[in-house]
Amino acid sequence: DAGITQSPRHKVTETGTPVTLRCHQTENHRYMYWYRQDPGHGLRLIHYSYGVKDTDKGEVSDGYSVSRSKTEDFLLTLESATSSQTSVYFCAIRTGLAGPNTGELFFGEGSRLTVL
Amino acid sequence: GDSVTQMEGPVTLSEEAFLTINCTYTATGYPSLFWYVQYPGEGLQLLLKATKADDKGSNKGFEATYRKETTSFHLEKGSVQVSDSAVYFCALGGSGGSNYKLTFGKGTLLTVNP
């Protein structure tokens, strides 16, 4: 099984402070993703990575940045947190590749962020 | 762009009832289709998948068939149990190559009563 560890699992912070969420995988998967989950919106893609130093924006990338300096770690940073970024954040890796349009995502357990 | 529309909930059923959760999609090319399940307080787990037209995915008594002609991937189960209570997400995977990503529907909350 693919192993993903997200940290921290819970965080409460204040508006305007920087926050970094970490996603660590124990295998060598190339693709990694950050989603946020909000009631009424399902899961929305923030950023994703298709290799070391290769990242791209998702549909809700404003206010977020990412970095991937090594295969196993994918960091999500909120430079200046706002209350609208209160959410549950999920990291995922792509597994089961069998072609360019295949492959399921395996998700971490989530990081709950509250911005006061 | 790619999009997924799934039946809005919540859905409340009695144990042993038949379940259908509708899912339709819009996509270019030939996406893969997925159903994920999220139990209370947990992350998302893959329930089933289909990678090409007419494929049927199945797992734990749930089934869904990839219908290209109707751009649909409806989730069904013949007899639900209390333990099936969860949020169900339909998703499509596409945009190929390095741009591969999953696009999710908004989720459907299912509650099964004894």
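Worth knowing before you read on, the calculation uses all heavy atoms, side chains too, and leaves out hydrogens, waters and symmetry mates.
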(request) State which residues pass side chain to side chain donor-acceptor pair (under 3.5 Å) with B:Ser3; sequence neighbours excluded, sorted by chain then number. (result) none
(message) Using a 4.5 angstrom heavy-atom cutoff, name the option from B:Gln38, B:Lys52, B:Glu42 with the most pairs to chain A.
(response) B:Gln38
(request) Heavy-atom pairs under 4.5 Å with chain A are the metric here; pick the option from B:Val4, B:Leu44, B:Leu46 that has the most. (result)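 Of the candidates given, the most pairs with chain A belong to B:Leu44.
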(request) Before giving the answer on side-chain hydrogen bond (donor to acceptor under 3.5 Å, both in side chains), spell out for B:Thr24 and B:Ser72 the whole-Å C-alpha distance, their side-chain angles and the decisive distance to 0.1 Å. (result) CA-CA 4 Å; B:Thr24 58; B:Ser72 65; over 6 Å; no
Using a 6.0 Å cut-off, check whether atom [atom1] of [X] has over 12 heavy atoms from anything other than its own residue.
X	atom1	value
B:Gln81	CD	yes
B:Glu15	CD	yes
B:Glu69	CD	yes

(request) Consider only side-chain N and O atoms of A:Ser67 and A:Ser69, and report whether a donor and an acceptor are under 3.5 Å apart. (result)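 Judged by distance alone, the side chains do not pair up.
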(message) Any non-hydrogen side-chain atom of A:Tyr64 less than 4.5 Å from a side-chain atom of A:Val66?
(response) no
(message) Using side-chain heavy atoms (C-beta onward) and a distance below 4.5 Å, is B:Trp35 in contact with B:Ile21?
(response) yes
(message) Regarding A:Arg22 and A:Asp73, does a basic nitrogen lie under 4.0 Å from an acidic carboxylate oxygen?
(response)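 A:Asp73 and A:Arg22: salt-bridged.
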(message) Please output the residues of residues 104-114 of chain B in contact with chain A, using a heavy-atom cutoff of under 4.5 Å, in numerical order.
(response)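 If one takes a 4.5 Å heavy-atom cut-off, the residues of residues 104-114 of chain B near chain A are B:Phe104, B:Gly105, B:Lys106.
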(request) Would you mind listing every side chain to side chain donor-acceptor pair (under 3.5 Å) that reaches into residues 107-116 of chain A, with sequence neighbours excluded? (result)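 Qualifying pairs, neighbours excluded: A:Gln6-A:Ser111, A:Arg9-A:Glu109.
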(request) Spell out the residues in residues 32-40 of chain A that have some non-hydrogen atom less than 4.5 Å away from a non-hydrogen atom of chain B, in order of number; otherwise answer 'none'. (result)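 If one takes a 4.5 Å heavy-atom cut-off, the residues of residues 32-40 of chain A near chain B are A:Tyr33, A:Tyr35, A:Gln37, A:Gly40.
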(request) With a 4.5 angstrom heavy-atom cut-off, could you sort out which part of A:Leu45 is near chain B: side chain, backbone, both or neither? (result)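 Just the side chain, heavy atoms under 4.5 Å.
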(message) Parallel, tilted or perpendicular: which one describes the rings of A:Phe107 and B:Tyr36, with boundaries at 30° and 60°?
(response) perpendicular
